[in-house]
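Because the structure is predicted, anything quoted here is derived from the model rather than measured.
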Amino acid sequence: QVQLVDSGGGSVQAGGSLRLSCVISSGYIYSPNCVAWFRQAPGKEREGVAGFYTSAGITYYADSVKGRFTISQDNDKRTFYLQMDSLTPEDTAMYYCAAANFAPVALGHLRPGDFEDWGQGTQVTVSD
């Protein structure tokens, strides 16, 4: 029984910032290979924007957010953040936290099918 709770979304003007949080809980010791943030806008496919490969501390960012978004792990090891700066209307979407037992780092991108557990989603809206 693994649960992810994501939060921190809201409405912000272009150029603003938001920080999303994801808290992972389970009834047993759970050490996912990768914790990631995906987003999905209306009429578009789910897109992986940031990933944290936990064993090595390696991060991944989609080109569309590189330099603006930062994924990090809290000292408690079960909380993950997505710091989003310089937001644009193109960032408007429902954002989901997800955890994978194994997501291959060598792919060069994140695949939703690799992730077994998902948060409920938190809405981010960026206005002009």
Residue pairs passing the salt bridge (Lys or Arg N to Asp or Glu O under 4.0 Å) test with at least one member in residues 22-40, sequence neighbours excluded, are Arg39-Glu47, Arg39-Asp91

Under 3.5 Å, which donor-acceptor pairs link side chains of residues 96-107 to any protein atom two or more places apart or in another chain?
none

Nearest heavy-atom contact between Leu110 and Ala50 is CD1-O, 3.5 Å

Membership question, hydrophobic clusters at under 4.5 Å side-chain separation (ILVMFWY): are Val49 and Leu4 in the same one? yes

Quick note, disulfide bond (SG atoms under 2.5 Å apart) partners involving residues 29-76, not counting sequence neighbours, are none

Hey, is the main chain of Asp6 close enough, under 3.5 Å, to the side chain of Gln120 for a donor-acceptor pair?
yes

> Same hydrophobic cluster for Tyr95 and Val35, using side-chain heavy-atom links shorter than 4.5 Å among ILVMFWY?
Replying inline: yes

Contacts of Glu116 meeting side-chain hydrogen bond (donor to acceptor under 3.5 Å, both in side chains) (sequence neighbours excluded), chain-then-number -> none

Margin query: Do Val124 and Leu20 make a side-chain contact, defined as non-hydrogen atoms from C-beta onward lying under 4.5 Å apart?
Written below: yes

For residues 104-125, the ring pair (Phe, Tyr, Trp, His ring centres under 6.0 Å) pairs (sequence neighbours left out) are Phe38-Phe115, Phe38-Trp118

Sorted by chain and number, sequence neighbours left out, side chain to side chain contact (heavy atoms under 4.5 Å, CB included) with Thr59 holds for Phe52, Tyr61, Ile71

Short side-chain to backbone donor-acceptor contact, Thr54 and Pro32, under 3.5 Å:
yes

Those residues at least two apart in sequence (or on a different chain) that pass side chain to side chain contact (heavy atoms under 4.5 Å, CB included) with Lys44 are Ala41, Glu90

Taken in chain and number order and not counting sequence neighbours, the residues that satisfy side-chain hydrogen bond (donor to acceptor under 3.5 Å, both in side chains) with Ser25 are none

Sequence neighbours excluded, the answer for side-chain hydrogen bond (donor to acceptor under 3.5 Å, both in side chains) partners of Gln3 is none

Run the side-chain donor-acceptor check on residues 78-87: report pairs under 3.5 Å with partners two or more places apart or on a different chain.
unit_1 : atom_1 : unit_2 : atom_2 : d
Thr79  : OG1    : Asp76  : OD1    : 3.3
Thr79  : OG1    : Asp76  : OD2    : 2.8
Tyr81  : OH     : Asp74  : OD1    : 3.0
Gln83  : NE2    : Asp85  : OD1    : 3.0
Asp85  : OD1    : Ser17  : OG     : 2.8

side-chain hydrogen bond (donor to acceptor under 3.5 Å, both in side chains) filter on Arg19, not counting sequence neighbours, yields none

In short, disulfide bond (SG atoms under 2.5 Å apart) pairs touching residues 98-128 with sequence neighbours left out are none

Interatomic distance, CE@Met94 vs OG1@Thr125, rounded to 0.5 Å, equals 8.5 Å

